[in-house]
There are 4 protein chains.
Amino acid sequence: MKQKRPKYLQIIDAAVIVIAENGYHHAQVSKIAKQAGVADGTIYLYFKNKEDILISLFQEKMGVFIEKIQQEIAGKDTAAEKLYMLIEKHFSLLAEDHHLAVVTQLELRQSNKELRLRINEILKGYLNILDSIIQTGKDTSEFSEDLDARLARQMIFGTIDETVTTWVMNDLKFDLPALAGNVHKLLINGCGRV
Amino acid sequence: MKQKRPKYLQIIDAAVIVIAENGYHHAQVSKIAKQAGVADGTIYLYFKNKEDILISLFQEKMGVFIEKIQQEIAGKDTAAEKLYMLIEKHFSLLAEDHHLAVVTQLELRQSNKELRLRINEILKGYLNILDSIIQTGKDTSEFSEDLDARLARQMIFGTIDETVTTWVMNDLKFDLPALAGNVHKLLINGCGRV
Amino acid sequence: MKQKRPKYLQIIDAAVIVIAENGYHHAQVSKIAKQAGVADGTIYLYFKNKEDILISLFQEKMGVFIEKIQQEIAGKDTAAEKLYMLIEKHFSLLAEDHHLAVVTQLELRQSNKELRLRINEILKGYLNILDSIIQTGKDTSEFSEDLDARLARQMIFGTIDETVTTWVMNDLKFDLPALAGNVHKLLINGCGRV
Amino acid sequence: MKQKRPKYLQIIDAAVIVIAENGYHHAQVSKIAKQAGVADGTIYLYFKNKEDILISLFQEKMGVFIEKIQQEIAGKDTAAEKLYMLIEKHFSLLAEDHHLAVVTQLELRQSNKELRLRINEILKGYLNILDSIIQTGKDTSEFSEDLDARLARQMIFGTIDETVTTWVMNDLKFDLPALAGNVHKLLINGCGRV
DNA sequence: CATGAATGAGCATTCATTCAT
DNA sequence: TATGAATGAATGCTCATTCAT
């Protein structure tokens, strides 16, 4: 598996740094190669093309992201508790890695539609977690049973995503994890029984 | 009336079509000119450069968008009614103009950070409407008085935007305006008293 | 005759100013029109094309230049005196009109070979004066009778021209007319009997 | 030896040919690349931009030019002899390379002021040789001790340059090196004691 | 005579990808 | 595996000139 070779991750980490510091459109393959300490041609021994670097980057980072969140919510029983842990972890993981935050919220969105669709594919792992939380909420009667699961998922994801994007657009100045409580309250209200 | 600058709007409308059909990165100035039925050089009699076309496009279309929404909500008294009209109009206006929907949800987001910041500036007009609805809700006690206005705005905008983007990403297949009622219920719950 | 119409000279004077201030390659027809206070299209009622403006400019200004120099040297009897007056007048006329100096020494030389050949045609009037001075010198035995007239003319013209160009390249800082005496001495030596 | 950068000289030689044959303003980078037998992009591995090609061209060719002239005059004792060798070599070197003659006398002068200033910088090496010859002349009492060195340099350079330009403008038809003797006589007279 | 909106040909430069070593 | 020199397609913008009014 290519993931096991050290240069694979080395190049992905270099890509995150180069994209965060130079922006998506100025992140040339040669810059990534230099940052990774390899020759330009070496990139193509580990990735099919430039797009493959970006896909793999998102896949790799999102994989870790999802895994950590799942660990956090595994021990919780209620949907409310699970949702809180998800929001809190989502915010704190990005607050800990500014480069990654910039890359996922701003830069990677400048890619074309095709790449965005493939990124959406990867995102499904995250959305599945949301679906399972919503289902939990219905099972425990925390949420209304006729709650539209897809819309609820869009509300939760849209709200979290918009909040993070606003934070990044504001140059990561305010304390993102501190908002977890209020965001959680809003979303629980939205999903809850009236 | 804008009849005095027919070519200006002619070029903007051409840009929407060309970007929607070819994607942001393949929307060459010459294609826009051909679509508008003018010479390449004519573009530069009305716009400073290519970026100026995009800014102006967003400004022009968003201006009409905001105006129509404001007309809809002006006659309503409660925050709930205002919010419903906003969601319904937002969805139906985009459902009526698929080209514009694709351009604003997908293509224009591929622009660089600078352009994105200028687009955000223009978006503030829309966000101001949201703020005034939230304020109305607090005044009428529909919403909790300690509701965090900024987060509420992010939830409303994030949810609506995510819903529209999902619709566009699904090739505009499902009935977007039909979702207005459920989205409204979710958001009102979220903002409401517990 | 087109020369009699006031706008003809108005446009030529505007061209001198615009070229001097913006450089040959940034002297657009529209700038010249604006400086002359006429519409772009009006230029083409008086000149065939842009090149015609430049040719006419040189012709018009060089005509006055030659006339004034001829008046100065007409009353002198010796070649030495005539040459001195020519040098002195050449220097002082350009020192009096910095715009014209910049245009003839620097900017007009950036034109293509064809235009340069036509400018050379016009310059022949000036070179004829030099030839007549050299002939005078031979007649009066001031100059050696086997002096190569063409080379002598090139030496005189080359030296004067190089001196003026050096002055312009040095931003017209030093006192050009003050050099007339020394330049004259050098050239008279060069042409003179050994 | 410059064998280490064969493509560098290859491109410069191609540029001389392309500019001589097409004129400065029609010497596109792609034409130079094709003439040099490399891809367009390869040009930019060796030169910063198009202007850099022209600067380097002049530098490279003028460097060789100056070196050869210095070798010629090194063995001579008198200013007169040195000046003769300089003129003769200057004429014969250009007579041997018509392309280079056209490029330096006509085409490169069509560049903008900035480029011309940089060319003047490079020319200083040549002018320094003239200065040293003039100094030699003063030392040996061949030249008047109160000869204005700067004007003398301008006379020598102006005369030689004007002669070469006239030759180029006449389509290199007459025998340039054959003029060396007469030009030399004129200049020595000009600088000499009366 | 005068206007000025409209035209459209022309070109330097970047950068993802390849391949001989 | 690893290198890095070489490739070549692709595009926004300017400005001299025209012509309907």
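Naming convention: chains lettered A, B, ... in sequence-line order (proteins, then strands); numbering from 1 in each chain.
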Student: So does C:Tyr44 get a side-chain nitrogen or oxygen closer than 4.0 Å to the phosphate oxygens (OP1/OP2) of F:dC19?
Tutor: no

Student: In whole Å, what is the span from the NE2 atom of D:His26 to the C1' atom of E:dC11?
Tutor: 11 Å

Student: Rounded to the Å, how far apart are B:Ile32 CD1 and F:dG12 P?
Tutor: 8 Å

Student: Checking C:Ala33 now: which residues fulfil side-chain contact (heavy atoms from CB on, under 4.5 Å) with it, not counting sequence neighbours?
Tutor: C:Val38, C:Asp40, C:Ile43

Student: Under the side chain to side chain donor-acceptor pair (under 3.5 Å) rule, collect the residues that match up with B:Glu21, sequence neighbours excluded.
Tutor: none

Student: Taking salt bridge (charged side-chain N to carboxylate O under 4.0 Å, His left out) as the definition, give me every residue that meets it alongside B:Glu121, ordered by chain and number, with sequence neighbours left out.
Tutor: B:Lys124

Student: With sequence neighbours excluded, what pairs up with D:Lys48 under the salt bridge (charged side-chain N to carboxylate O under 4.0 Å, His left out) test?
Tutor: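 For D:Lys48, no residue satisfies salt bridge (charged side-chain N to carboxylate O under 4.0 Å, His left out) once neighbours in sequence are set aside.
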
Student: Using Watson-Crick pairs (N1 to N3, plus N6-O4 or O6-N4) and G-U wobble pairs, both distances under 3.5 Å, which stems of at least 3 pairs involve DNA chain F?
Tutor: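 Stem segments, range with range: E:2-21 with F:2-21.
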
Student: Got more than 12 heavy atoms from elsewhere within 6.0 Å of NE2, C:His98?
Tutor: yes

Student: What's the CD-P distance between C:Gln10 and E:dC1, to the nearest Å?
Tutor: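 Nearest whole value for this atom pair: 13 Å.
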
Student: Which protein N or O atoms sit under 3.5 Å from an N or O of nucleotides 7-9 of chain F?
Tutor:
residue: F:dT7; atom: OP2; partner: D:Ala39; partner atom: N; Å: 3.0
residue: F:dT7; atom: OP2; partner: D:Thr42; partner atom: OG1; Å: 2.2
residue: F:dG8; atom: N7; partner: D:Gly41; partner atom: N; Å: 3.1

Student: In terms of heavy-atom contacts, does CZ of C:Arg109 have more than 12 from other residues, nucleotides or ligands at under 6.0 Å?
Tutor: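 Check passes, neighbour count above 12.
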
Student: Heavy atom of residues 47-58 of chain D under 4.0 Å from DNA chain F: which residues?
Tutor: none

Student: Taking atom P of E:dC19 as reference, at what distance in whole Å does atom CD1 of A:Ile43 sit?
Tutor: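 So the two atoms are 18 Å apart, to the nearest Å.
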
Student: Any side-chain heavy-atom pair from D:Leu54 and D:Ile19 closer than 4.5 angstrom?
Tutor: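 Yes, their side chains come closer than 4.5 Å.
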
Student: Grab the CD1-P distance between A:Ile11 and E:dA16 for me, whole Å please.
Tutor: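 Atom-to-atom, A:Ile11 to E:dA16, this comes out as 14 Å.
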
Student: Checking D:Lys61 now: which residues fulfil salt bridge (charged side-chain N to carboxylate O under 4.0 Å, His left out) with it, not counting sequence neighbours?
Tutor: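 D:Asp13.
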
Student: Rounded to the nearest 0.5 Å, what's the gap from CD on B:Gln105 to CG on B:Leu172? Could you check?
Tutor: 10.0 Å

Student: Measuring from D:Ile11:CD1 to D:Glu60:CD, what's the distance to the nearest 0.5 Å?
Tutor: 12.0 Å

Student: Mind checking if B:Val29 touches a base, just sugar-phosphate, or nothing, with heavy atoms under 4.0 Å?
Tutor: sugar-phosphate

Student: Could I get the full list of salt bridge (charged side-chain N to carboxylate O under 4.0 Å, His left out) partners for B:Arg116, not counting sequence neighbours?
Tutor: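 Listed in chain order: nothing, the list is empty.
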
Student: Suppose we screen for ring-ring contact (aromatic ring centres under 6.0 Å, His included). Which residues come up paired with B:His25, at least two apart in sequence or across chains?
Tutor: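 With neighbours one apart ignored, the set is A:His25.
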
Student: Near DNA chain F, counting only heavy atoms under 4.0 Å, which residues of residues 12-25 of chain B show up?
Tutor: none

Student: Under the side chain to side chain donor-acceptor pair (under 3.5 Å) rule, collect the residues that match up with C:Ser111, sequence neighbours excluded.
Tutor: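 For C:Ser111 there are no side chain to side chain donor-acceptor pair (under 3.5 Å) partners, ignoring immediate neighbours.
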
Student: Would you mind reading off the distance between C:Gln28 atom CD and F:dC13 atom P, rounded to a whole angstrom?
Tutor: 16 Å

